[in-house]
Amino acid sequence: MITGPDLQSLVSQIADEMRARPDRGRVADYIPELARVDPAYFGMAVALPDGTVAAAGDADTPFSIQSISKVFTLTLALGIAGDRLWKRVGREPSGSAFNSIVQLESEKGVPRNPFINAGAIAVTDVILSGHKPREALGEILRFMRFLSDDQGVAIDKAVAESEQRTGFRNMALANYMKSFGVIENPVDYTLGVYFHHCAIAMSCRQLALAGRFLAQSGRHPATGLSVIQAERARRINAIMLTCGHYDGSGEFAYRVGLPGKSGVGGGILAVVPGQASIAVWSPGLDAAGNSHLGRIALEAFAKRSGVSIFGA
């Protein structure tokens with residue numbers, strides 16, 4: 001069980017170790033604004049159900065959460081469409097790059113899972129239906145602020161604009177899905193919401209607090225309100241485990257043993273079911289597009305604390 005002063009000591013120790021390491025990976029240089037981020041940053045935060053947070057390093061520095069936002073948009077879309085969502089997106093690992101179009105060609109425009117870019121664009125389209133883009137984006141942002149209990153959570157407009165200027169592959173993915181009827185709204189509208197929710201900026205502390213409902217059977221522990229049904233929370237965790245790190249998902253499950261979702265901004269959100277949610281941030285990425293030191297830090301945390309969904 002994760003508790004008390006020993007938790008803060010462990011988090012501080014891991015943060016010190018990570019900040020001292022020379023192997024930091026490579027920042028996501030294909031998004032101009034992310035290319036400017038200093039790879040020396042490292043932050044870590046562990047949030048317990050009662051709101052206690054053990055944090056260290058750059059845990060209060062906001063960063064672009066990028067694909068971690070897909071966990072929260074999936075939660076919203078399931079609340080809107082229920083299991084009908086799975087007619088428009090699958091639940092299987094892709095085995096391909098997060099922005100690959102190859103499988104869309106062979107699978108009639110249906111994305112393999114909601115965490116690759118094509119799948120997240122399809123999920124965003126579900127949230128957009130019946131709304132104007134500004135309204136849909138406002139709903140996503142309000143949801144993030146509610147979960148983190150922090151009205152300061154905001155969109156980094158410079159990152160969003162940077163993605164819109166350079167997101168040609170995402171435009172190709174969306175238009176290809178549109179040709180099969182998977183995307184129902186105007187492509188520009190869906191992509192606009194997608195680029196902006198990926199550009200939400202949060203700190204490790206805010207992100208760890210926002211993820212607590214996934215560790216607590218879908219309930220927001222601060223309010224006791226149900227965010228999502230317990231069964232769906234379990235299923236989101238399952239998809240995080242199998243698909244949350246793109247083509248590195250198997251390696252993450254093998255080494256860390258927790259559901260997790262990464263983003264090319266260098267963040268990772270991980271869940272210890274029944275106990276805690278964890279956020280780490282180190283901007284340098286590995287070859288699969290996941291935080292290099294973030295994964296190493298979570299592996300160290302899992303080993304030293306004894307937490308794993310697979311047993312001690």
Side-chain angles (χ1 to χ4, degrees), residues 1-25 27 34 37-69 71 144 147-150 152-153 200-212 214-215 240 244-245 248 251-252 255-273 275-286 290-309:
M1 181 69 70
I2 302 173
T3 56
D6 289 343
L7 174 60
Q8 180 60 60
S9 177
L10 175 58
V11 171
S12 296
Q13 181 184 53
I14 292 173
D16 288 343
E17 292 172 5
M18 294 305 109
R19 294 195 70 164
R21 289 183 66 125
D23 54 324
R24 309 200 70 83
V27 297
L34 297 186
V37 180
D38 187 348
Y41 282 115
F42 180 88
M44 184 173 187
V46 181
L48 302 179
D50 65 359
T52 299
V53 179
D58 301 302
D60 291 304
T61 301
F63 62 93
S64 182
I65 66 171
Q66 292 293 307
S67 288
I68 301 173
S69 69
V71 172
M144 301 298 292
L147 292 174
S148 61
D149 194 25
D150 193 329
V153 174
I200 289 173
M202 299 177 76
S203 67
C204 289
R205 185 184 301 273
Q206 292 169 325
L207 186 57
L209 287 168
R212 286 180 298 166
L214 290 171
M240 289 172 71
H245 284 74
E251 184 73 3
F252 187 84
R255 293 189 175 278
V256 180
L258 296 171
K261 181 70 195 83
S262 68
V264 296
I268 301 175
L269 173 66
V271 177
V272 186
Q275 296 193 54
S277 55
I278 311 166
V280 293
W281 173 49
S282 179
L285 310 179
D286 61 20
N290 304 308
S291 176
H292 174 64
L293 290 185
R295 195 269 300 161
I296 293 172
L298 286 168
E299 181 180 2
F301 181 86
K303 283 182 177 179
R304 297 177 200 179
S305 64
V307 297
S308 170
I309 63 170

M44 and I278: side chain to side chain contact (heavy atoms under 4.5 Å, CB included), yes or no, with the steps?
CA-CA 7 Å; M44 184 173 187; I278 311 166; 4.1 Å; yes
Side-chain touch [X]/[Y], heavy atoms, less than 4.5 angstrom:
X    : Y    : result
L214 : M240 : yes
L207 : I68  : yes
L34  : S64  : yes
M144 : I200 : yes
R24  : S282 : yes
R304 : Q13  : yes
L258 : V271 : no

What's the spacing between [X] [atom1] and [Y] [atom2] if we round to 0.5 Å?
X    : Y    : atom1 : atom2 : answer
S305 : L298 : OG    : CG    : 10.0 Å
I268 : I65  : CD1   : CD1   : 13.5 Å
F42  : T61  : CZ    : OG1   : 12.5 Å
D60  : S203 : CG    : OG    : 5.5 Å
R212 : D50  : CZ    : CG    : 8.5 Å
F252 : S262 : CZ    : OG    : 8.0 Å

Identified side-chain contact (heavy atoms from CB on, under 4.5 Å) partner of F301 from the options V256, L7, V280
L7
State, to 0.1 Å, how close [X] and [Y] come at their nearest heavy-atom pair, and which atoms those are.
X    : Y    : answer
A297 : I14  : CB-CG2, 3.8 Å
R19  : A40  : NE-O, 4.4 Å
G263 : L285 : O-CD2, 4.3 Å
N290 : H245 : ND2-O, 3.1 Å
A276 : V46  : CB-CG1, 3.9 Å
A56  : A15  : CB-CB, 3.6 Å

Could you tell me whether the side chain of [X] and the main chain of [Y] form a donor-acceptor pair under 3.5 Å?
X    : Y    : result
S69  : Q66  : yes
S291 : G266 : yes
K261 : V71  : no

Let's go through L209 and V53 carefully: what are the C-alpha distance in whole Å and the side-chain angles of both, what is the deciding distance for side chain to side chain contact (heavy atoms under 4.5 Å, CB included) to 0.1 Å, and is it a yes or a no?
CA-CA 8 Å; L209 287 168; V53 179; 3.7 Å; yes
Do S12 and Q8 get their side chains close enough for a donor-acceptor pair, meaning under 3.5 Å?
yes
Residues at least two apart in sequence or cross-chain that pass salt bridge (Lys or Arg N to Asp or Glu O under 4.0 Å) with D23, listed by chain then number, are R21
Kindly say whether the aromatic ring centers of Y41 and W281 come within a distance under 6.0 Å.
yes
